[in-house]
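Below is one structure, written out as structure tokens, with a few remarks after it.
Nothing here was measured: the structure is a model prediction, and the numbers come from that model.
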Amino acid sequence: MTSLLARRNTAGGMLLALAALACFATLDTSAKIVALTLPVLLGLWFRYIFQAVLTTVVMLPQRGSAIFHTQRLGLHALRGALLAVTSLLTFLSVKYMPVGEFTAIAMIAPLVVTLLAATLLGEYVSRLRWVLVAGGFIGTLIIIRPGGDLFGWHVLLPLAQVGTHSAFQLLTGKMVQTEDAVTMHFYTGWVGALLASLALPFIWVTPQTLTEWSALVLMGLTGTIGHFALIQAYRRAPASSLMPLMYVQIAFAMFAGWLVFGHLADGWGLLGMLLIASCGAASAWLALREKQAERPKDFQNSVLREPMEV
């Protein structure tokens, strides 16, 4: 009976994770719609004000004043600022790039975290995982290859996004050892909302069409719902079942890009995406196997619960 319940919880967790990834792909696609006619910072404000307000409304009655409790307020501010910059770079990236190709490039962030954890923190990385990291970077080079449609100055945007997101993940790995996940989510939303609000008087443009309003509201809702769904997924299913699924976001993003913008990646682009997804998923699986083999807990394992959060 216990085994059956565990399987049901795992299946439910996997479905919730897939729903979250669909939300994140919808968020990026909506951001591209917004960026075509409205300031990117306006979209950023909508995305974070929805998360901040809805998280407060839902979680404050459950947690009470405990949701504010932290001894690391400065790190919460830094983490929120890093994610806000990551979101800004994401929205700028999808303004100039197809959603699917951007998502694939951004998905090398966990591989970059592995690289940084090994080189800067001296953590153990097996030879096979080094091969997978190299494979992920080769996949990125295939997507942005010289002579391809994406080659230009704007490819620096997703690469910068990978850098800020990797820093965000490393900081998260440090904080999850002592901080409550809901408290971290709460502060992240409000820091992003406050930073975006500083620019609001200078960039406010009243949306004029139903499409613009719908895309802005959809950004806020899908970002917030996606993160809540992911939290619930990890409460129901083990990370070993969920982490390989995270790369399905590339497929969702490709589908959304085709459905809304009629874009299909060429053969080389598809090869690069497949290489990134397979290397990333395999690296995540190997890291979790190493953790189960009772290696000391490290930053790489700590950030395995962080998807491509924007």
Side-chain angles (χ1 to χ4, degrees), residues 23-54 77-107 109 143-144 149-168 188-227 249 252-254 256-257 259-261 263 307-310:
C23 284
F24 296 147
T26 304
L27 166 62
D28 291 341
T29 306
S30 301
K32 186 174 183 67
I33 294 172
V34 169
L36 294 176
T37 57
L38 295 171
V40 170
L41 285 172
L42 183 64
L44 189 73
W45 182 79
F46 266 85
R47 178 258 181 271
Y48 276 102
I49 201 66
F50 267 78
Q51 176 178 329
V53 172
L54 289 179
L78 177 58
R79 182 175 183 270
L82 281 171
L83 188 58
V85 173
T86 298
S87 298
L88 178 60
L89 289 169
T90 295
F91 298 162
L92 287 171
S93 296
V94 297
K95 179 178 181 177
Y96 297 106
M97 296 179 62
V99 179
E101 282 85 337
F102 159 74
T103 302
I105 294 173
M107 280 292 184
I143 293 174
I144 62 177
D149 293 338
L150 296 183
F151 190 73
W153 70 267
H154 51 265
V155 300
L156 297 175
L157 293 170
L159 295 177
Q161 191 265 10
V162 168
T164 58
H165 192 222
S166 298
F168 168 82
T188 297
W190 277 111
V191 169
L194 291 173
L195 289 175
S197 296
L198 294 176
L200 203 60
F202 305 100
I203 55 89
W204 177 263
V205 175
T206 302
Q208 300 297 316
T209 67
L210 179 61
T211 298
E212 292 174 344
W213 277 112
S214 298
L216 287 168
V217 172
L218 198 58
M219 286 178 66
L221 287 176
T222 53
T224 304
I225 293 171
H227 288 300
Q249 186 173 342
F252 284 141
M254 289 177 59
L259 185 66
V260 178
F261 301 105
H263 172 78
M308 195 193 79
E309 182 180 7
V310 298

Residue of the set Leu216, Ile33, Leu36 for which side-chain contact (heavy atoms from CB on, under 4.5 Å) holds with Thr211
Ile33
Straight-line distance of Leu218 CG to Arg47 CZ, nearest 0.5 Å:
13.0 Å
Minimal non-hydrogen separation, Ala215 against Val34, with atom names:
CB-CG2, 3.6 Å
Do Thr26 and Phe252 come close enough that some side-chain heavy atom pair is under 4.5 Å?
no
Value for CZ (Phe91) from CG (Leu157), rounded to nearest 0.5 Å, stands at 13.5 Å
Can you find a heavy atom in the side chain of Val40 that is under 4.5 Å from one in the side chain of Leu44?
no
Approximate separation, where rounding is to 0.5 Å, of Leu41 CG and Ser87 OG:
11.5 Å
Sequence neighbours excluded, the answer for side chain to side chain donor-acceptor pair (under 3.5 Å) partners of Thr37 is Glu212
Nearest-0.5 Å distance that lies between atom CE in Met254 and atom OG1 in Thr103:
10.0 Å
Side chains of Val53 and Trp190: closer than 4.5 Å at any heavy-atom pair?
yes
Test your reading of the model: is there a side-chain donor-acceptor pair from Thr164 to the backbone of Gln161, 3.5 Å cut-off?
yes
Listed by chain and number, what are the side chain to side chain donor-acceptor pair (under 3.5 Å) partners of Ser197, not counting sequence neighbours?
Trp45
What is the distance from atom CG of Leu83 to atom CD of Gln51, rounded to the nearest 0.5 Å?
7.5 Å
For Tyr96 and Trp153, take the angle between the two ring planes, folded into 0 to 90°, and tell me which bin it lands in: parallel under 30, tilted 30 to 60, perpendicular over 60.
perpendicular
With heavy-atom distances below 4.5 Å as the criterion, would you say the side chains of Leu221 and Leu27 are in contact?
no
To the closest 0.5 Å, what do you measure between OG1 (Thr90) and CZ (Phe24)?
11.5 Å
Please name all residues satisfying side chain to side chain donor-acceptor pair (under 3.5 Å) with Thr206, sequence neighbours left out, ordered by chain then number.
Trp204
